[in-house]
Each structure stands twice: as C-alpha cells, then as structure tokens.
Amino acid sequence: IPVISHCFGEVKMKFTIVFAGLLGIFLTPTLADYDISVNDNNNSGGSGQQSVSVNNEHGVANVDNNNGWDSWNSLWDYGSGFAVIRPFKKKSCIVHKMNKEVMPSIQALDMLAKKNKLQGRGPEGPPPKSLIYSVKPDKVNNLDQFGKFIVTMCKGIPTYMAEEIQGANLILYPEKCFNVDILWILNISLCEEAMEN
C-alpha cells in the first residue's frame, strides 16, 4: 500500500506542475503589458502613426499619435477614472473624467485595436463612438486630484479640466474643437475658447 500511495502522490504532483504551467501560459498574456502600433497609410488627411501601451498592473493605457505638429498623447488612468490629452501644438494638458460607457475597458482596448488593425478598418469602416467635451477656461492648480500618472505627464504644463457635453453635436457647437481619433475606436472632441492656438 505505501508503494501505491507513493505512485499516486507522484502522479498528483506531476498533474499539479502541468496544471500550474498551463495556467501560467494562459494568464501571462492577460497580465502582461503590451504595445499595439497602427499606421495610417492614407497620405491625404491621414492621422499619422498611433501606438498604444497598456500597463495592466497599474491600470493605465497610453496612446501616442505621431503626426508632426498635430501630434498628441493621451493617458487613460482606469484606477483614478480620469484621462488626459496633451496636444503638442497647444502645449497644454486637458483632463476629463472617463466615460466608461463609451470608452473601452482596459481589457477590451487590446482586442478592439487588434481587430481593427487586422481588418484594416479606418475611414471606410463603421464610425467610431464619439465624446464631446467643453474645456473650462481656468487652469487647474492641483493635479494631485487626478492621480500620479497624470501628475507625471502634466507637471509644469498648463492644464485645463474638460466636462462632457451630453447629447452634443459638433455642428451645433460653435467653439473651435480639437479632435482626437483613437485607433478608429473612439473620437474625442475638445471644444474650447480659452486655450491658445
């Protein structure tokens, strides 16, 4: 009987090791950080090259749009519930609350971006979801309220708060707007009067 229980113990141990190894293989992609790059091959009116970096451990996604003087950077902090867009030619940061009903979850962002990239979706694909924000004229004095990642990105840069305009239409909203298209998934319009052009 000791020999049988010893053999059973070895089989149980091998099964545990194999199961743990398989679990590691399946969990690693969901826990790891990842990068997605998308090129806009349409030279006329193209939006340049975008890349997304996701840090699942900290719950942060960073979107970079490289398009010369029209470049911008956006950071989505799922932990604090705030996002920031930094248009380089405006030399400022614009912070807004994340609308989690419209903005994809951190888990869905990877899937949506890869799906759109593989299908080559862009201007010909279905329209992205849209959010319209009104940028407040007063500068934000205390960045700490938005979390450490936004503080790091915007420290020393004029920062403004933007509030979502529910049910707004850009045609009906007369102020000048800065548009951010994120991987053909989401279009964000920041409409303002206060910021310098």
Side-chain angles (χ1 to χ4, degrees), residues 20-40 47-68 70-122 125 128-131 133 135 140 142-164 178-190:
L22 287 173
L23 188 62
I25 289 170
F26 290 116
L27 278 181
T28 299
T30 61
L31 297 177
D33 300 342
Y34 55 82
D35 296 304
I36 307 160
S37 292
V38 177
N39 288 312
D40 184 354
S47 60
Q49 179 181 8
Q50 288 191 10
S51 62
V52 177
S53 300
V54 175
N55 184 315
N56 282 301
E57 181 183 348
H58 293 108
V60 175
N62 189 53
V63 183
D64 289 308
N65 186 79
N66 298 311
N67 190 24
D70 291 323
S71 296
W72 50 264
N73 179 262
S74 181
L75 185 136
W76 300 0
D77 186 344
Y78 288 88
S80 73
F82 286 99
V84 63
I85 296 171
R86 182 178 170 190
F88 289 109
K89 75 177 173 184
K90 294 189 180 290
K91 298 177 184 170
S92 61
C93 283
I94 304 162
V95 179
H96 62 87
K97 285 187 180 178
M98 294 178 66
N99 181 333
K100 294 184 180 178
E101 292 179 16
V102 178
M103 298 175 79
S105 69
I106 198 166
Q107 295 81 13
L109 185 60
D110 177 41
M111 180 195 68
L112 288 168
K114 285 179 181 173
K115 178 181 170 188
N116 288 349
K117 182 179 180 181
L118 291 174
Q119 292 178 354
R121 291 168 67 184
K129 293 180 179 180
S130 294
L131 292 169
Y133 291 90
V135 180
V140 174
N142 179 15
L143 290 176
D144 292 333
Q145 62 186 314
F146 306 123
K148 66 181 179 180
F149 299 107
I150 292 176
V151 169
T152 301
M153 184 171 166
C154 298
K155 189 172 184 178
I157 298 171
T159 302
Y160 301 88
M161 187 72 192
E163 289 184 12
E164 185 178 352
F178 179 80
N179 295 313
V180 173
D181 294 309
I182 298 173
L183 298 171
W184 309 304
I185 297 168
L186 182 64
N187 180 293
I188 296 177
S189 297
L190 302 165

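Count residues from 1 along the sequence.
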Between [X] (side chain) and [Y] (backbone), is there a donor-acceptor pair under 3.5 Å?
{"X": "Gln50", "Y": "Asp181", "value": "yes"}
{"X": "Asn67", "Y": "Asp70", "value": "no"}
{"X": "Ser74", "Y": "Val84", "value": "yes"}
{"X": "Ser189", "Y": "Asn187", "value": "no"}

Given Asn62, which partner from the list Leu75, Val54, Asp77, Val52 fulfils the side chain to side chain contact (heavy atoms under 4.5 Å, CB included) test? Leu75
Roughly how far, to the nearest 0.5 Å, is [atom2] of [Y] from [atom1] of [X]?
{"X": "Met161", "Y": "Lys97", "atom1": "CE", "atom2": "NZ", "answer": "6.5 Å"}
{"X": "Ile182", "Y": "Lys129", "atom1": "CD1", "atom2": "NZ", "answer": "13.0 Å"}
{"X": "Arg86", "Y": "Ile150", "atom1": "CZ", "atom2": "CD1", "answer": "13.0 Å"}
{"X": "Leu109", "Y": "Tyr78", "atom1": "CG", "atom2": "OH", "answer": "5.0 Å"}
{"X": "Gln145", "Y": "Phe82", "atom1": "CD", "atom2": "CZ", "answer": "6.5 Å"}
{"X": "Phe146", "Y": "Thr159", "atom1": "CZ", "atom2": "OG1", "answer": "8.0 Å"}

Close side-chain approach of Asn65 and Val180, heavy atoms under 4.5 Å: no
